[in-house]
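Worksheet: one structure, shown below.
Residue numbers start from 1 in every chain, and the chains themselves are labelled A, B, ... in the order their sequence lines are given, proteins ahead of strands.
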Amino acid sequence: MNYVKPSVPKGTRDFLPEQMYRRQFVLDIIKSKLETYGYEPLETPSIEKLEVLSGKYGEEGEHLLFKILKRGSSIEKVGSELKEYTVHRIDELVDLGLRYDLTVPLSRVVAMYQNEITLPFKRYQIQPVWRGDRPQKGRYREFFQCDADTVGSSSMIADAENICLIHDILSELGFDKFKIRINNRKILLGIVEYSDVDSEKGVDICVAIDKLDKIGIDGVRKELLNRNISEAATRKILPILEINGTNEKILADISYILASSAVGTQGIEEISEILSYMDDFGIDKQKLTIDLYLARGLSYYTGPIYESVVEEPRIGSLTGGGRYDELIGLFLGQSIPATGTTLGIERIIDVMTELDMIPEIKTRTTVLVTIFDENTKSLSLRIARDLRRAGINTEVSLNISQLKKQFIYANKKQIPFVVVIGPEELEQGAVTLKDMISGDQERISQDNLIHRFISLPK
RNA sequence: GUACGCGUAGCUCAGUUGGUUAGAGCUCUGGAUUGUGGUUCCAGCGGUCGCGGGUUCGAGUCCCGUCGUGUACCCCA
């Protein structure tokens with residue numbers, strides 16, 4: 001027989017029940033923490049008009065956008081009427097794209113529903129996004145993100161809250177060796193000003209210095225020169241990357257260097273304001289590091305930026321975010337300040353799995369009610385009904401087979417209790433309850449069965 | 001887009017300088033045990049060696065191509 005060899009597209013995955021329990025464990029913690037901060041849920045479509053997505057993610061991001069071919073008559077016209085067809089404009093073939101992140105859809109929503117939304121608007125959103133790059137460790141083409149954003153406030157309290165939220169979530173999930181790296185795009189602008197380079201080269205400088213961790217100071221030097229940054233500018237930039245010490249010292253040093261840059265100075269003030277709020281929120285200072293070379297890729301950030309990393313295993317950042325005061329303006333004509341963070345759900349799950357931080361759950365079913373034969377079937381179903389009405393997660397055997405088979409099933413799924421109702425039990429008005437973990441079993445009255453489970457700890 | 005690695009049973013893999021009929025563990029099915037799983041023992045099912053071509057008396061093994069997959073770069077969660 002001919003059959004299709006089953007497979008899923010590159011970089012996508014199925015989540016079987018066992019994996020779903022792991023995901024739910026993580027997501028449940030994240031959701032409840034989000035709600036303690038007053039963030040509210042939002043969902044948006046998987047597909048967006050291309051004009052909404054385009055031009056928001058920089059050149060590289062544009063490249064990774066999944067674009068969707070027109071469908072129905074518009075694409076048939078292209079395919080059927082002509083044997084050969086030259087595409088003159090991309091929008092002849094394509095007018096939609098798959099969601100690339102959750103920030104742009106949020107911005108669109110805010111711009112569209114101004115009358116329904118009360119500012120400041122704090123929302124969270126947990127949905128898949130798509131990127132057309134090559135999968136590798138911790139990278140997929142379809143993956144879930146969780147974003148928490150505050151729209152409509154330029155207060156640094158909002159930024160501090162975001163950072164605090166990340167700290168709380170990572171702690172609650174069981175991470176202790178993580179760092180939150182903080183910087184400010186305004187400081188980076190200040191550095192560009194200070195180095196007397198054309199402002200167009202600013203992006204190149206940021207991309208180069210962002211790699212410090214990976215390629216070291218000499219690597220950055222080469223990278224800068226490769227990107228046609230002058231020797232003189234490079235000499236001014238590199239010493240800034242070597243600033244280290246406590247957060248206070250770093251701020252003092254950089255503010256001395258950038259004293260003549262208004263924007264740089266403002267960036268520094270914002271960071272120290274955030275740090276003071278973090279103190280009020282009771283966040284361990286050891287977890288926060290100011291990294292003057294942190295740039296982050298997305299082009300829409302305008303102010304404080306931050307990401308969190310774990311030392312082991314090396315997998316890149318777990319979360320990333322920042323302030324984007326101009327993005328919503330692209331949909332509105334007037335700017336609305338906003339700041340937010342993205343939690344990389346997949347990476348968090350991958351890391352927690354690797355570090356064995358997620359309890360293994362094979363099933364949430366508490367009890368399997370077996371069926372002995374045709375005569376006892378009805379009673380088994382009634383017992384299952386009673387258990388379910390009492391709120392006990394109950395599975396009932398669907399096939400009448402040897403008890404052995406039914407026990408094997410319970411064992412495989414790690415269902416902790418099995419109820420047997422055979423001819424003897426039927427006659428006595430009893431059931432046999434077996435504890436699959438200890439192996440103990442006892443015969444109890446049908447009335448007592450439910451009480452037995454209700455007294456169990458969940 | 002660039003570079004490198006890997007494709008052998010459902011899964012994880014072994015397979016010598018190219019040489020008879022391609023192996024193991026796990027899984028699965030049946031039995032030892034017709035009212036009881038997880039341990040043990042016995043038996044069994046399961047392979048176009050990714051695909052196509054080439055070299056050779058002979059290819060799982062060597063060469064070329066192709067597809068899939070993984071890793072690194074770029075970039076990013």
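At G30(B), one or more side-chain N or O atoms of K405(A) fall inside 4.0 Å of OP1 or OP2 (strictly under the cut-off).
For L403(A), whose side chain is taken as the heavy atoms from C-beta onward, the closest listed nucleotide among A77(B), G37(B), G35(B) is G35(B). Minimum atom distance to the side chain of F372(A) is reached by G35(B), of the listed G35(B), A77(B), G37(B). Taking every side-chain heavy atom of N411(A) into account, G37(B) is the closest of A77(B), G37(B), G35(B).
Between D149(A) and R123(A) a salt bridge is recorded (basic side-chain N to carboxylate O distance below 4.0 Å). Between K413(A) and E395(A) there is a salt bridge, since a side-chain N of the basic residue sits under 4.0 Å from a carboxylate O of the acidic one. For the pair R141(A) and D133(A), the salt-bridge criterion is not met [side-chain N within less than 4.0 Å of a carboxylate O].
Within the structure, the salt bridge (Lys or Arg N to Asp or Glu O under 4.0 Å) test picks out the following pairs touching residues 338-353 of chain A (sequence neighbours left out): R13(A)-E346(A), R23(A)-E346(A).
Here the separation of C57(B) from G18(B), taken at their C1' atoms, is 12 Å to the nearest Å. Rounded to the nearest Å, the gap between the C1' atom of C26(B) and that of A14(B) is 15 Å. Taking atom C1' on both nucleotides, A59(B) is separated from U55(B) by 10 Å, rounded to a whole Å. Taking atom C1' in both G60(B) and G23(B), one finds a spacing of 12 Å when rounded to whole Å. With C1' as the reference atom, G47(B) and U21(B) are 14 Å apart, rounded to whole Å. G10(B) sits 7 Å from U27(B) when the C1' atoms are compared, rounded to a whole Å. Comparing C41(B) with U48(B), their C1' atoms sit 36 Å apart, to the nearest whole Å. Rounded to whole Å, the P atom of U16(B) lies 11 Å from the corresponding atom of U61(B).
Remark: the Q441(A) side chain and the U36(B) base include a donor-acceptor N/O pair separated by less than 3.5 Å. Donor-acceptor pairing under 3.5 Å, judged by distance alone, is absent between the side chain of Q414(A) and the base of G37(B).
To the nearest 0.5 angstrom, S154(A) atom OG is 9.5 Å from E270(A) atom CD.
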Show, in sequence, the C-alpha distance, side-chain angles and deciding distance for E18(A) and R22(A), and conclude whether the salt bridge (Lys or Arg N to Asp or Glu O under 4.0 Å) test is met. CA-CA 7 Å; E18(A) 228 173 294; R22(A) 310 170 74 80; over 6 Å; no

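One can place CD of Q406(A) at 14 Å from C1' of U34(B), the figure rounded to the nearest angstrom. Rounded to whole Å, the distance from CD1 on I166(A) to P on A77(B) is 12 Å. E427(A) places its CD atom 16 Å from the P atom of G35(B), with the value rounded to the nearest Å. Rounded to whole Å, atom P of C76(B) lies 7 Å from atom CG of D210(A). A straight line from CG of D440(A) to P of G37(B) spans 15 Å, rounded to a whole angstrom. Following rounding to the nearest Å, L65(A) (CG) and C75(B) (C1') show an atom-to-atom distance of 14 Å. Atom-to-atom, CD1 of I305(A) to P of C76(B) comes out at 11 Å; the value is rounded to the nearest Å. Between the CD atom of Q145(A) and the C1' atom of C76(B) there is a distance of 10 Å, rounded to whole Å.
For the pair R131(A) and Y100(A), the cation-pi criterion (under 6.0 Å, within 45° of the ring axis) is fulfilled. Remark: K122(A) fails to qualify as a cation-pi partner of Y37(A) under the 6.0 Å distance and 45° angle criteria applied to the six-membered ring.
Contacts of G439(A) with the nucleic acid, taken as non-hydrogen atoms under 4.0 Å apart, include base atoms. Q402(A) comes within 4.0 angstrom of nothing in the nucleic acid, heavy atoms only. Residue-level contact check: I348(A) touches neither bases nor backbone, having no heavy atom under 4.0 Å from any strand. Nucleic acid contact for Y140(A): base, since at least one base atom lies under 4.0 Å from a heavy atom of the residue.
Of the possible polar contacts, none joining the N393(A) side chain to the T365(A) backbone as a donor-acceptor pair under 3.5 Å is found. Proximity of a side-chain donor or acceptor of N247(A) to a complementary backbone N or O of L288(A) within less than 3.5 Å is detected. T370(A) places a side-chain N or O within donor-acceptor distance of the main-chain N or O of V419(A), the cut-off being under 3.5 Å.
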Quick one: what's the B/S/- string for nucleotides 69-74 of chain B, heavy-atom cutoff under 4.0 Å, read 5' to 3'? S-SBBB

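Interface residues of residues 373-386 of chain A facing RNA chain B, ordered by number: none; criterion, heavy-atom separation under 4.0 Å.
Where R141(A) and K412(A) each meet RNA chain B at their nearest nucleotide, the meeting point lying more 5' is that of K412(A). Nearest-nucleotide positions on RNA chain B place S438(A) closer to the 5' end than the other of S438(A) and F144(A).
In this view, T432(A) and V420(A), E425(A), Q441(A), R443(A) satisfy the side chain to side chain contact (heavy atoms under 4.5 Å, CB included) rule, not counting sequence neighbours. In this structure P128(A) satisfies the side chain to side chain contact (heavy atoms under 4.5 Å, CB included) test together with R99(A), W130(A), E142(A), F144(A), sequence neighbours excluded.
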Go ahead and write out RNA chain B as dot-bracket, 5' to 3': ( ) for pairs within the strand, [ ] for ones crossing earlier pairs, | when the partner sits on another strand, dots for unpaired; Watson-Crick or G-U wobble, both distances under 3.5 Å. (((((((..((((.....[...)))).(((((.......))))).....(((((..]....))))))))))))....

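A distance below 6.0 Å separates the ring centres of H167(A) and F178(A).
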